[in-house]
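Sequence lines set the chain letters: A, B, ... in the order given, protein chains first and strands last, and positions in each chain run from 1.
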Protein chains: 2
Amino acid sequence: MSPSTFDKIIDAAMTIVRDQGVARLTLDEAARIAGISKGGVLYHFKSKDDLIRGMVQRLIDQCDQLSRDYYERMPDGPYRWARTMVHAGFDPSGVAFDPVGGALLAAISVNPDLMAPIQAMYDSWSERLKSDSPDMERAGLICTAMDGLYFQRLMGIKLCDSEASERLKQHALDLLR
Amino acid sequence: MSPSTFDKIIDAAMTIVRDQGVARLTLDEAARIAGISKGGVLYHFKSKDDLIRGMVQRLIDQCDQLSRDYYERMPDGPYRWARTMVHAGFDPSGVAFDPVGGALLAAISVNPDLMAPIQAMYDSWSERLKSDSPDMERAGLICTAMDGLYFQRLMGIKLCDSEASERLKQHALDLLR
DNA sequence: TTTGCTATACCGTCCAGCCGGTACAGTAAT
DNA sequence: ATTACTGTACCGGCTGGACGGTATAGCAAA
């Protein structure tokens with residue numbers, strides 16, 4: 001089934017942020033990319049903030065989906081959730097490598113209230129980690145490093161190149177056994 | 001000696017970003033806070049991007065200063081630079097806790113070119129780490145976790161509370177010996 | 001004909017950058 | 001010492017464009 005207009009608008013907004021940066025995210029442009037009029041956009045989203053809310057939700061859903069997929073394929077044992085996070089964090093096709101997330105968060109930094117759902121997501125992750133990590137500090141440190149990796153990608157920064165990145169992943173996994 | 005007008009403008013811009021968010025950073029407001037006119041601002045900074053460039057440079061200088069200070073006080077031995085980063089990253093009075101950095105970076109995400117100096121800073125950090133880390137993966141992982149912490153603070157997210165944060169710091173240092 | 005959805009036109013506001021000025025300090029030739 | 005000129009620092013009004021949001025009309029399916 002073809003995506004609903006609602007989804008098409010979010011897709012368009014994502015594309016704009018990814019390709020042109022947050023500052024270029026306007027209702028007019030989103031409408032243009034989505035192939036509808038501004039009125040159409042404002043029918044589905046009461047305001048620009050509302051549109052950003054929708055984008056955040058989309059991001060959360062993607063994260064959730066990815067981590068669940070990896071979790072299922074992960075062998076059981078201690079640190080199962082932490083190991084899941086490491087693998088998900090290094091998946092080049094996952095959200096972790098999608099620049100849209102960062103630009104989105106940048107947009108949110110303008111209106112911090114819109115971060116609430118993200119905080120909720122972190123809370124649930126925290127619960128998951130607690131449930132199967134023999135050493136919560138260890139798990140927290142590794143997962144925080146995954147956030148650091150994400151941050152570096154967002155900012156277009158690299159502390160290490162791609163093959164060093166692979167060694168980093170292995171090192172992180174070694175610490176989780 | 002009292003700060004030059006140049007510095008006063010950057011101070012004003014920093015204050016705005018810290019207190020009101022990136023979106024509120026305008027030339028008029030910066031001029032108002034700095035106590036001069038918009039024309040004055042545009043005399044010292046050719047454009048708004050130029051002003052942001054100045055802010056980035058200020059941020060880099062602060063980081064550099066802080067890390068040098070900590071390095072000198074750090075006992076010699078393996079991972080000296082990595083240990084420095086951990087201590088600096090957890091210093092509540094350091095740049096790592098100054099929301100201005102994050103908001104600034106958010107502003108930069110609008111114009112990724114302005115990130116170039118930051119990349120240069122990371123390159124030099126990378127060199128420093130290499131110089132005294134027996135295991136570069138270990139050092140890189142820990143420092144990346146510091147970035148993750150910074151990211152979480154920027155986004156108003158907490159994966160762990162403050163006392164857990166102290167344990168995290170200790171755990172990171174334990175891994176560097 | 002009502003409801004769901006989209007299009008068009010328009011308004012008010014905000015803001016970056018421009019530009020014509022002012023004030024003043026140095027400097028140097030008369 | 002006066003005059004004429006130059007460069008630096010700063011002022012503040014203006015404008016053109018962008019953008020969020022509103023109002024209203026069209027239109028097709030149920």
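Using a distance-only test at 3.5 Å, with no hydrogens or angles considered, a donor-acceptor pair links the side chain of A/K48 to the main chain of A/L25.
In this structure, B/I52 places its CD1 atom 10 Å from P of C/dG17, rounding to the nearest Å. Put simply, NZ on A/K48 is 8 Å from C1' on D/dC19, counting in whole angstrom units. Atom pair A/D50:CG and D/dG20:P shows a separation of 14 Å (rounding to whole Å applied). Atom CZ in A/R32 sits about 18 Å away from atom C1' in C/dT6, given to the nearest Å. Atoms CG (A/L27) and P (D/dA23) sit 16 Å apart, rounded to a whole Å. With rounding to whole Å, B/D28 atom CG is found 11 Å from D/dG13 atom C1'. Distance B/I36 CD1 to C/dT22 C1': 15 Å, rounded to the nearest Å. The distance from atom CZ of A/F6 to atom C1' of C/dG4 is 15 Å, rounded to the nearest whole Å.
A close approach under 4.0 Å does occur between a side-chain nitrogen or oxygen of A/H44 and OP1 or OP2 of C/dT6. Under 4.0 angstrom from either OP1 or OP2 of D/dG20 there lies no side-chain N or O belonging to A/S47. Between B/Y43 and the phosphate of D/dC10, there is no side-chain N or O to OP1/OP2 separation shorter than 4.0 Å. Between B/T5 and D/dC10, a side-chain N or O to OP1/OP2 separation shorter than 4.0 Å is present.
Looking at heavy-atom distances under 4.0 Å, B/I9 makes no contact with the nucleic acid at all. Among the atoms of the strands shown, only primed sugar atoms or phosphate atoms (P, OP1, OP2) are found under 4.0 Å from some heavy atom of B/L25.
Under 4.0 Å is where a charged nitrogen must lie from a carboxylate oxygen, and between B/D50 and B/R53 at least one such pair does.
Taking only side-chain atoms of A/L42, from C-beta outward, the nucleotide of C/dA16, C/dT6, D/dG21 with the closest atom is D/dG21. Considering only the side chain of B/K38, D/dC14 comes nearest among D/dC10, C/dC5, D/dC14.
B/L168 and B/M85 are members of different hydrophobic clusters when ILVMFWY side chains are connected at heavy-atom separations under 4.5 Å.
Scanning all heavy atoms of the two residues, the minimum distance from B/A96 to B/R153 falls at O-NE, 3.1 Å.
Taking a 6.0 Å sphere around NZ of B/K158, one finds it holds 12 or fewer heavy atoms contributed by other residues, nucleotides or ligands.
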Atom pairs, N/O to N/O, protein against nucleotides 27-30 of chain D, distance under 3.5 Å?
none

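B/S37 is linked by a side chain to side chain contact (heavy atoms under 4.5 Å, CB included) to nothing, counting only residues two or more places apart in sequence or in another chain.
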Identify every side-chain donor-acceptor pair in residues 63-72 of chain A under 3.5 Å, counting partners at least two apart or on other chains, and give the distances.
residue	atom	partner	partner atom	Å
A/D64	OD2	A/R68	NE	3.0
A/D64	OD2	A/R68	NH2	3.4
A/Q65	NE2	A/D69	OD1	3.2
A/S67	OG	A/C63	O	3.2
A/S67	OG	A/D64	O	3.1
A/Y70	OH	A/D91	OD2	2.8

